[in-house]
Amino acid sequence: MPGPEEFVVTPYEVKGRIDYERLREQFGTQSLTPELLARIHHLAGGELPPALRRGIYYSHRDLGPLLDGYAHGTPFFLYSGRGPSGPLHTSHLLQFDLCQWFQRRLDLPMYIQITDDEKFWARSGLTREETAHWGYENLYDILAVGFDPKKTRVFFDSRSIAAMYPLAIRVARKIPYSTVKAVFGFEPSQNIGLVFYTALQTVPCFWPSWAEDRTIPCLIPCGIDQDPHFRVTRDIAEGLGYPKPALLHSQMLPGLLGEGTMSTTGDRADNSLFLNDPPEVVDRKVRNAFTGGRATVEEQRRLGATPEICSIWAQWRTRFAESEEKFEEITRDCRSGALLCGECKSQLLERIHAFYDHHAIAREKVKDWAESAIITGAPKDL
Ligand code: TRP
């Protein structure tokens with residue numbers, strides 16, 4: 001067990017209270033500076049999305065050269081993915097929201113990977129039927145954030161393997177077992193599925209270049225816990241003749257129970273707002289959520305509350321505050337004691353319900369094209 005100051009972040013384990021600056025230094029990634037944000041703003045036009053403006057994405061690899069390339073006429077593609085271990089919750093949409101924003105602003109192709117194999121290997125409690133089932137359910141939720149059907153394609157691992165395998169073969173030959181063992185911290189008892197798996201998460205980074213016989217740069221928005229996979233990818237990229245993917249890393253979002261770790265931690269369903277939760281369950285979870293409020297109304301009016309530790313404030317911050325003005329108002333009034341937690345939760349719930357209503361409609365519509373987005377055939381034999 002890590003001590004109070006220690007934390008562990010790998011794709012398969014997140015624990016402890018994460019010091020994000022220290023993590024960035026440990027991982028050796030760069031800080032997402034105001035200058036880089038300004039360049040994104042300049043290229044994309046319009047306002048930056050909340051997750052970029054409010055520091056939730058905070059780290060990157062090679063974003064500068066990627067943006068230089070774009071500015072000089074070399075477009076890139078977007079890639080992100082999801083391991084389907086259960087229903088999606090609102091925080092899982094973070095990386096896909098950002099991809100959708102980039103796609104719409106810069107007119108870019110998007111590749112989504114659904115890793116029903118990975119989750120079967122990683123979670124001994126799940127059956128194949130379950131990981132496949134959640135794969136489709138998650139895919140509908142992801143596409144419903146507004147991806148362009150003409151520019152969005154899906155690797156659904158168990159179904160897309162024929163299309164991925166010619167590249168996976170090459171990738172796997174470049175990765176020594178010692179690397180995988182060191183990077184992911186696997187024990188000898190680990191099943192061999194996950195030992196191979198990192199090759200499959202690498203394939204989409206190179207696939208468009210391979211399929212089209214030209215160099216196409218890749219940008220991966222993801223949680224920083226996924227960085228270890230892509231360190232492996234980046235180490236082998238040039239040896240295979242492909243560009244190293246660029247990355248944009250987000251912090252792991254806190255859950256509603258407020259333990260400051262990941263929203264997916266454990267099986268405590270009340271820690272997250274699942275996209276398939278009915279309205280009354282959403283209400284209950286928000287009403288019971290951990291806040292930064294005081295013990296009594298009187299104290300809170302007098303001393304104010306603490307947004308930084310509040311799980312409700314985290315929801316406003318990541319997506320539900322529609323403007324900077326609203327976000328600043330909530331933050332200020334919370335701190336001063338002008339806004340009490342009950343009222344703050346009511347205002348948030350209005351927005352969450354509106355989002356769920358909108359999402360439910362969008363989700364039905366994508367079912368018309370989701371199947372045709374799944375890549376099944378290899379573009380060439382070798
Ligand atoms: N391994 C990821 C997960 O467990 C799924 C994934 C596959 C992914 N490819 C990705 C995540 C690319 C981010 C970017 O959820």
Side-chain angles (χ1 to χ4, degrees), residues 9-14 27 29 51 56-57 59-61 76-89 91-100 102-103 109-126 130-132 134-135 137-139 141-142 145 147 152-161 163-164 167-168 171 180 183-184 186 193-208 218-234 237 244-253 262-265 272 374-375:
V9 177
T10 78
Y12 300 110
E13 186 175 36
V14 177
F27 279 9
T29 66
I56 294 160
Y57 281 91
S59 156
H60 75 97
R61 290 185 189 271
F76 53 94
F77 68 93
L78 299 155
Y79 161 40
S80 201
R82 155 76 184 161
S85 52
L88 278 195
H89 50 74
S91 308
H92 287 134
L93 295 179
L94 185 67
Q95 73 218 54
F96 299 106
D97 278 336
L98 186 61
C99 289
Q100 190 270 347
F102 270 115
Q103 178 176 70
M110 169 76 196
Y111 288 84
I112 298 164
Q113 183 175 31
I114 301 289
T115 62
D116 60 324
D117 50 356
E118 177 196 18
K119 290 296 138 166
F120 182 64
W121 290 324
R123 303 276 179 95
S124 57
L126 288 175
E130 284 166 330
T131 62
W134 289 119
E137 295 298 315
N138 292 177
L139 177 59
D141 284 317
I142 292 167
V145 307
F147 286 108
T152 303
R153 306 194 71 193
V154 177
F155 295 101
F156 195 114
D157 283 358
S158 65
R159 293 192 49 205
S160 304
I161 193 66
M164 301 168 77
L167 261 186
V171 168
V180 173
V183 169
F184 301 107
F186 290 149
L194 285 189
V195 174
F196 177 70
Y197 170 72
T198 199
L200 292 178
Q201 186 153 326
T202 290
V203 164
C205 304
F206 305 152
W207 198 89
C218 172
L219 174 65
I220 309 170
C222 62
I224 191 150
D225 63 318
Q226 296 298 311
D227 185 71
H229 281 298
F230 298 118
R231 271 188 325 252
V232 176
T233 307
R234 288 168 51 88
K244 292 182 180 188
L247 291 133
L248 252 177
H249 305 108
S250 73
Q251 300 181 355
M252 315 309 294
L253 299 180
M262 266 172 99
S263 30
T264 42
T265 311
S272 315
I374 298 175
I375 299 171

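When a residue number appears, it is its place in the shown sequence, counting from 1. Whatever order the structure lists them in is the order used to number ligands and atoms, beginning at 1. Scope of the values below: all heavy atoms of this structure, side chains included, with no hydrogens, waters or symmetry mates. Keep in mind that what you see is a predicted model, and the values were worked out from it rather than measured.
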Under a 3.5 Å distance rule, please check whether Glu137 uses its side chain to pair with a backbone N or O of Pro84 as donor and acceptor. no
Of all residues at least two apart in sequence or in a different chain, which pass the side-chain contact (heavy atoms from CB on, under 4.5 Å) check with Gln226? Pro11, Gln201, Cys222, His229, Phe230
Partners meeting side-chain contact (heavy atoms from CB on, under 4.5 Å) with Arg234 (sequence neighbours left out): Arg61, Asp62, Lys244, Pro245, Leu247
Tabulating one pair per line, provide the atom names and distances (0.1 Å) for every N/O atom of ligand 1 that is less than 3.5 Å from a protein N/O atom.
from	atom 1	to	atom 2	distance (Å)
ligand 1	1 (N)	Glu118	OE1	3.0
ligand 1	1 (N)	Glu118	OE2	3.1
ligand 1	1 (N)	Gln201	OE1	2.9
ligand 1	1 (N)	Gln226	OE1	3.0
ligand 1	4 (O)	Glu118	OE1	3.3
ligand 1	4 (O)	Lys119	NZ	3.1
ligand 1	9 (N)	Tyr79	OH	2.9
ligand 1	9 (N)	Gln113	OE1	2.9
ligand 1	15 (O)	Gly83	N	2.9

Would a distance-only check, ignoring hydrogens and angles, find a side-chain to backbone donor-acceptor pair under 3.5 Å from Ser158 to Asp117? no
Please check: side-chain N/O of Trp207 versus main-chain N/O of Ala163, any donor-acceptor pairing under 3.5 Å? yes
Got a sec, which residues hit salt bridge (charged side-chain N to carboxylate O under 4.0 Å, His left out) with Arg153, two or more places apart in sequence or on another chain? none
